[in-house]
Amino acid sequence: MQNWLPLFVMAPLGMAFINLILTKFLKNISAYLALITVFFLCGLSFRFIGHEPFHYAIGSWLPPLGITLVWDPLSQLLILIVSIITLAVTLFAIPYMQQYTAQSKFYSLYLLMIAGMNGVILTGDFFNLFVFLEIASIASYALVAFGVEAEELEASFKYLVLGGVSSTIILLGIALLYSATGTLNMADMAITLHQGVSKNLLFFIFALFLMGFGLKSAMVPFHAWLPDAHPSAPAPISAMLSGLIIKALGIYCVARIFFMVLGIVPVIQTILMVLGGLSMVVGVFLAVGQWDFKRLLAYHSISQMGYVMVGIGLATPLGLLGAIFHLLNHAVFKSLLFLCSGAFEYTTGTRQLKQLGGLLKKMPWTGASCSVAALSISGVPPFNGFWSKLIIILALFQAQYYFLAVVTVIVSFMTLISFIKVQKYALFGTLPKRLESIREVPVLMISGMFILALLCIGIGLFYPFYGQLILESARDLLINASHYTLYAIP
Amino acid sequence: MEGMTFIVKTITRLLIAVIFSFGIYITVYGHLTPGGGFAGGIMLACGLILLTLAFGKKTALGKLSDFWASLLDNLGAFTFWSIAMLGYVGGYFFFNFLEKSDPFQIFSSGTVLVNNLAIAIKVFASIFAVFLALTIFGRFVSGLISTEDEE
């Protein structure tokens, strides 16, 4: 079973190029090649659930010299999220992308993005992490610009510049770490750092990574690119960017590096919580006033990532569980919301909330999915968002951060307000005359949204059946971060 | 007359073989001397770009059309991936499964030489394709601007 691990990276990476070669001779097969790949990845990730932590030495070069891939509960969680969301998004993308030309290029970039994310999640080598980070980032820059209209190109350029800055800063951090420890293997680095290293250097590295990964995960004040980049992309890519990229490239890296390699310290915890709190508040206040559906969702991504960051910064068992749970939930409901916005745009041709209305009657499946996702993100019981927000708020009260807890409740309330607005203007109300002839979207698009809507309901209700295996194991690993060195290096 | 002056064309004609052979040399000896697939591929692409500049687009596209550039680009990447996959079948992902002989010999490194060749093809084709895209796209945009001016 352990030998199958590289396929998480290899299958999408290889298929990206095979796809481009084959579509030169056979038209219209790229969507199905992508679908086969994501089905395979989904099956593979389910096969790996509950597997013991282990490392895989690439090219039989043993660590710390060689590159390793590491499977542990934290990567298990992220790989599962990526596999399930990409499956739903690919199902949605097949009819949706018919509107665009150059589909083979779209699916190749899409597969490269998946390969990059899986690589970042699995790798146990610092420089390798940077390489996969760049693969995923560069693919996403190109995908944001996929519509090649002026607005999309501008958003992509902004994203490219800020993403490039963050990558450079991360690379500088990695270089400094390498100079301090003389190794690039994360586990080996953790052992060396544990033996003692200059405190000033360590804090400088913390600062660099905080900025670099903060930019990738769009923490306030590094959030400027997100509200432009996420809405400009085609809807499936918006769902991937908001649902997966900012988590795999941002939050996951922060959790992995700060907890397992550098070792979290109270000052950094406080900074993470302050940044998280700021993101929550700023994101939601900017979101409430938006009338562009996708832009509103993009601002909510900033706000919801703030919740996760607060939970991670808290670093108590309950706080970490809440953060990880909210990470999973946000991936599901935010992808679903972006897919719904794509479905509305597909049928009505607009995403301005003021020009929509009464869509629930005309598009019952999409409307119902959108309602489920909106209730989830606003934290209405029994949907999944409620449980994770509840856990984070309880954890804040337990750790006696009363002010932040109250802020979190208020932000949750503001989220509810802004999604009531969405429901009122898009789903209910009167149907404009212009939209009387619209029909429900194709079955494949519905099936993609339906999977995610079921998950929104199921994740919260069936926690006792999977919680221990998937979430609490990842939480336990983050608490006992030094265990990473036991299995990641021989 | 397409392309540049007689002087440039003659110099290019003299140099092009040298540039190409040096590119191939850098690629093939990549595991023994400084260089490798990327550097070699860039040199090969620069040779073709020089050809384009000196003799015009038609001559260069006759040597390597945009279709073939794109196909070679993907084939290079695919070859690299396939070598890693062959190693995977042989036990480990990226496993060096070929026989390794004495150091400092050309066939001393197993799969590294083949990998370098794959990278060289990939870089050569993709850099040339980027150049083509920029020149063709540039002409397309300037065409748009000039028609707007006329209107």
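Every chain is numbered from 1, with letters handed out A, B, ... down the list of sequences. Note: hydrogens, waters and symmetry copies are ignored here, and every other heavy atom, side chains too, is used.
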Practice task
Would you mind checking which part of A:L7 comes under 4.5 Å of any heavy atom in chain B, side chain (CB onward), backbone (N, CA, C, O), both or neither?
Solution key: side chain

Fill in the blank from the handout: From the list B:G87, B:G91, B:S70, the residue making the most non-hydrogen contacts under 4.5 Å with chain A is B:S70

Exercise for the section: Go through the steps for B:Y92 and A:Y56 under the test ring pair (Phe, Tyr, Trp, His ring centres under 6.0 Å), then give the verdict. Expected result: CA-CA 9 Å; B:Y92 276 93; A:Y56 180 95; 5.6 Å; yes

Problem - 4.5 Å side-chain heavy-atom contact, A:T86 and A:M240 - result: yes

Fill in the blank from the handout: Counting heavy-atom pairs under 4.5 Å with chain A, the top scorer among B:F95, B:F93, B:F94 is B:F93

Handout entry: Partner chain B: residue of A:A57, A:S108, A:A16 with the largest heavy-atom pair count (under 4.5 Å)
Key = A:A57

Practice task
Name the region of B:S82, side chain, backbone, both or neither, that has any atom closer than 4.5 Å to a heavy atom of chain A.
Solution key: neither

Practice task
Tell me, for B:F80 versus chain A, whether the close heavy atoms (under 4.5 Å) come from the side chain, the backbone, both or neither.
Solution key: neither

Handout entry: Under 3.5 Å side-chain donor-acceptor pair for B:T111 and B:N96
Key = yes

Practice task
Classify the side-chain pair A:S83/A:S45 by whether it contains a donor and acceptor separated by less than 3.5 Å.
Solution key: yes

Practice task
Assess whether side chain to side chain contact (heavy atoms under 4.5 Å, CB included) is satisfied between B:K122 and A:F17, documenting all intermediate values.
Solution key: CA-CA 11 Å; B:K122 158 95 190 153; A:F17 297 112; 4.2 Å; yes

